[in-house]
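Hydrogens, waters and symmetry mates are skipped; everything else that's a heavy atom, side chains included, is used. The chains referred to below are lettered A, B, ... by the order of the sequence lines, with proteins before strands, and numbering in each begins at 1.
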Protein chains: 2
Amino acid sequence: MAAADLFAAVGYEATSMASVARGAGVTTTTIYWYFEDKETLLVAVLDHLLQETLAGLGDRDDESPVDLLMWVVDRLTEQRRLVSTVHALAGRSPTVAVWHDAFHELTDAMLAEGLRQEGVPEPLVPATTRLGVFAIEGLVMHPLSRAEQRAVLELLSTVR
Amino acid sequence: MAAADLFAAVGYEATSMASVARGAGVTTTTIYWYFEDKETLLVAVLDHLLQETLAGLGDRDDESPVDLLMWVVDRLTEQRRLVSTVHALAGRSPTVAVWHDAFHELTDAMLAEGLRQEGVPEPLVPATTRLGVFAIEGLVMHPLSRAEQRAVLELLSTVR
DNA sequence: ACCTGAACACCGTTCAAGT
DNA sequence: ACCTGAACACCGTTCAAGT
């Protein structure tokens with residue numbers, strides 16, 4: 001998809017439907033035959049990126065929990081522009097809100113399962129999961145050195 | 001300011017300069033005599049809201065730390081739309097990025113000071129501050145019940 | 001089924017002109 | 001110093017028409 005490259009390069013808002021069309025070698029109107037609107041196009045790109053990331057995650061079941069989280073933070077940081085775009089759009093676009101909710105349902109469940117296997121007592125799992133998700137999102141959105149990032153994740157892993 | 005009400009009501013992106021002008025009883029062009037562009041107008045609104053919130057915070061130095069954080073989360077949640085707008089714009093607008101950085105410098109310092117007075121050991125203060133900021137932002141951006149919000153903040157206050 | 005050209009309503013911003 | 005009307009370049013989207 002040409003849209004994915006453009007979204008990554010200049011961001012969703014700065015990407016015009018005209019430039020997507022140009023990249024795909026068609027006319028602007030053609031895109032509307034495949035996608036209902038620009039937000040639906042975004043969701044298609046998001047699904048594609050998510051599938052890639054999940055595949056990459058499958059190859060690293062062996063690493064330590066903190067290393068695993070660091071890897072996830074790195075992948076999301078590469079798409080930082082899209083992450084904040086999704087947050088902003090979810091507040092006013094039902095299309096994007098649906099995707100965002102499904103995304104969190106999936107990722108929250110994955111993190112919760114990981115915490116259980118790390119021995120976090122069951123009653124603490126929900127709140128710890130949320131704090132973990134918030135920490136990951138925070139690390140993605142605010143640039144810190146790797147040492148600072150590690151410090152936050154290590155601190156998080158002492159919670160219980 | 002008419003812009004503040006409109007931003008709160010329908011959001012920054014959905015607020016046209018024409019509607020701001022209408023609300024202020026002037027012409028669109030007039031706004032550009034007072035503000036360089038739409039983003040500068042946003043920053044003026046943000047400054048205004050921040051000043052209000054800081055004043056309100058001064059009246060509650062007595063409450064417990066968790067209550068204080070809950071209050072901050074409530075105020076930010078009221079402006080949730082603007083919060084995600086700022087995050088999204090900070091990535092592509094130097095004007096908004098400057099404000100965002102200054103905002104975090106201020107709020108991070110305030111939280112760090114609070115943590116010290118709660119007895120958090122000095123070497124843990126930076127990472128704990130970051131985790132606290134991330135938790136607040138997460139609570140603002142993801143709707144949870146008050147009980148769930150409290151659980152996250154209580155969990156956070158066990159960290160050290 | 002797939003793609004286009006032309007148009008629509010709107011946007012932020014500018015500029016020359018007025019008082 | 002303050003405000004305006006008219007214009008500019010652009011935007012996402014639609015629609016009737018073509019193959």
Over 12 foreign heavy atoms within 6.0 Å of CD, A:Glu122: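 Enclosed.
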
Whether over 12 other heavy atoms sit under 6.0 Å from A:His104 NE2: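 Above 12, so yes.
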
Pairwise distance CG(A:Leu89) to NE2(A:His100) - rounded to 0.5 angstrom: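 A:Leu89 atom CG to A:His100 atom NE2 measures 11.0 Å (nearest 0.5 Å).
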
CG on A:Asp108 to CZ on A:Arg130, rounded to 0.5 Å: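 So the gap between those two atoms works out to 7.5 Å.
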
Whichever of A:Ala14 and A:Glu36 has its nearest DNA chain D nucleotide further upstream toward 5':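 In this pair, the answer is A:Ala14.
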
Under 3.5 Å donor-acceptor, B:Ser64 side chain and B:Asp67 backbone: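 Looks like yes, one N/O pair under 3.5 Å.
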
Whether A:Thr30 side chain and A:Val26 backbone form a donor-acceptor pair below 3.5 Å: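 Looks like no, no N/O pair under 3.5 Å.
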
From A:Leu41, A:Val43, A:Val20, A:Leu42, residue fulfilling side-chain contact (heavy atoms from CB on, under 4.5 Å) relative to A:Phe35: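 Of A:Leu41, A:Val43, A:Val20, A:Leu42, side-chain contact (heavy atoms from CB on, under 4.5 Å) with A:Phe35 is met by A:Leu41 alone.
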
Duplex segments of DNA chain D, taken as runs of at least three Watson-Crick or G-U pairs that stay under 3.5 Å: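 Stems for DNA chain D, defined as runs of 3 or more consecutive pairs: C:4-8 with D:12-16, C:12-16 with D:4-8.
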
Segment of DNA chain D, first to last nucleotide, that comes within the 4.0 Å heavy-atom reach of chain B: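 Range of nucleotides within reach of chain B: D:dA1 to D:dG5.
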
Of A:Thr27 and B:Met17, the one whose closest DNA chain C nucleotide lies more 5':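 On the 5' side of the pair lies A:Thr27.
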
Sugar-phosphate, base or nothing in reach of B:Ser16, heavy atoms under 4.0 Å: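 Here B:Ser16 touches the backbone only, sparing every base.
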
Sugar-phosphate, base or nothing in reach of A:Ser19, heavy atoms under 4.0 Å: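 Nothing, no nucleic acid heavy atom in range.
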
Side chains of B:Arg80 and B:Met141 in contact at under 4.5 Å (non-hydrogen atoms):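 Yes. Closest side-chain heavy atoms under 4.5 Å.
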
